[in-house]
Amino acid sequence: MIKLIDKLYETSTLERAELLALLDGLDETSTKYLHEKAHDKRMETYGNKVFMRGLIEFTNYCKSNCIYCGIRRDNKNADRYRLDKETIMACCAEGYRLGYRTYVLQGGEDPYYKDEDVVDLIKSIKSEFPECAITMSIGEKSKESYQKFKDAGADRYLLRHETNTKALYESLHPGMSYDNRIQCLYDLKDIGFQVGAGFMVGLPNQKNEDYVNDLLFLKEFQPHMVGIGPFIPQSDTPLSDETSGTLEKTCILLSIVRLLLPKVLLPATTALGSLSGKGREQGLQAGGNVVMPNLSPTNVRDKYLLYDGKICTGDEAAHCRGCIERRINSVGFEVDMSRGDHLDRVVE
Ligand code: SAM
């Protein structure tokens, strides 16, 4: 195991069989070594800085029906909301006041917002906060729509591939196509976005072979960002009785991704923090270098319930900002409030 980890550290690559052997063979000692090497690699690339993104969850209406997700179309118990432009702009202003220079606009796939509305929103944010980066995360769209968002000024786009095993993908996403999801990622890259892919850990029937598919896809696709979080069941979904992914496995995969893609922007996710009290801290120690505190208004936060037990649903934005900074400092890292671009895409 140590030899495989050293090879991964030195060459940023492993063959399929080697990745599988690593995932199958890690024990306590080699896992610790893996995290140490991932930490060394992030220190070589981004140092001890952790980039902060202000997350605005602006709609929980969704036309998709992903069977794991609490805001899926068929969840009649979801208390639906959408934020108007004025409210979103107020969230940005509060974020700006707190020092954020990246806004992540995330939502369900909500047909209420036409392309023109999204374009208008992006242009308004860019005109009021020109030095801030905008990350969109609103699911699958046509290449033409993505191009409009880019032309309006959006900088980045997050679209997790969720799993790179086609059969597993299609069993989790009724009416959706794995090929289209992957095509969207290539379209986004082609247009020039900084692109985020990513996957969940611990889905029912997900095996080490499936994670190897994810890792090889990431190595080939070379995303700028990778969102990896544990699957956590939500009580009003078909997967309500399943068990969550684990903190340990998620941190192992974070470390492997840091070593495969040394310059990647890698969040320690809210789902990781929801799974365990120190989950985000452990994600940072495993190679993560981004956190995404919530900027959404408090009166809607407990409605964006993708999974049960989501943290920070009652807190004010300012509280989240202070709390996460203390957590980051507690494990020896420092907050970086700049735009936090990928090293190959830093704007001078
Ligand atoms: N609609 C957009 C999309 O499809 O990319 C963005 C919103 S979607 C709710 C954001 C992410 O939440 C998904 O990519 C998925 O990985 C994650 N998610 C949804 N349900 C989850 C669950 N039960 N446990 C953990 N993560 C979940």
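Note that ligands are numbered from 1 as they come in the structure, with each ligand's atoms numbered from 1 the same way.
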TODO: First locate atom CE of Met225, then atom CD of Gln194, and finally report the distance between them rounded to the nearest 0.5 Å.
DONE: 6.0 Å

Open item on the list: Suppose we call two aromatic rings close when their centres sit under 6.0 Å apart. Are Tyr61 and Tyr81 close by that rule?
Closed with: no

Open item on the list: Tyr304 and side-chain hydrogen bond (donor to acceptor under 3.5 Å, both in side chains): which single residue from Glu57, Lys310, Gln106 fits?
Closed with: Gln106

Task: Check: Ser124/Lys85 side-chain N/O donor and acceptor closer than 3.5 Å - done: yes

TODO: With a 4.0 angstrom cut-off on heavy atoms, strictly below it, pick out the residues next to ligand 1 and order them by chain and number.
DONE: Tyr68, Cys69, Gln106, Gly107, Glu109, Ser137, Gly139, Leu159, Arg160, Glu162, Arg181, Met200, Pro230, Phe231, Ile232, Tyr304, Leu306, Tyr307

Open item on the list: What I want to check is whether the side chains of Glu209 and Asn213 have a donor and an acceptor closer together than 3.5 Å.
Closed with: no

Task: Minimum heavy-atom distance Pro204-Leu168, with the two atoms named - done: O-CD1, 3.8 Å

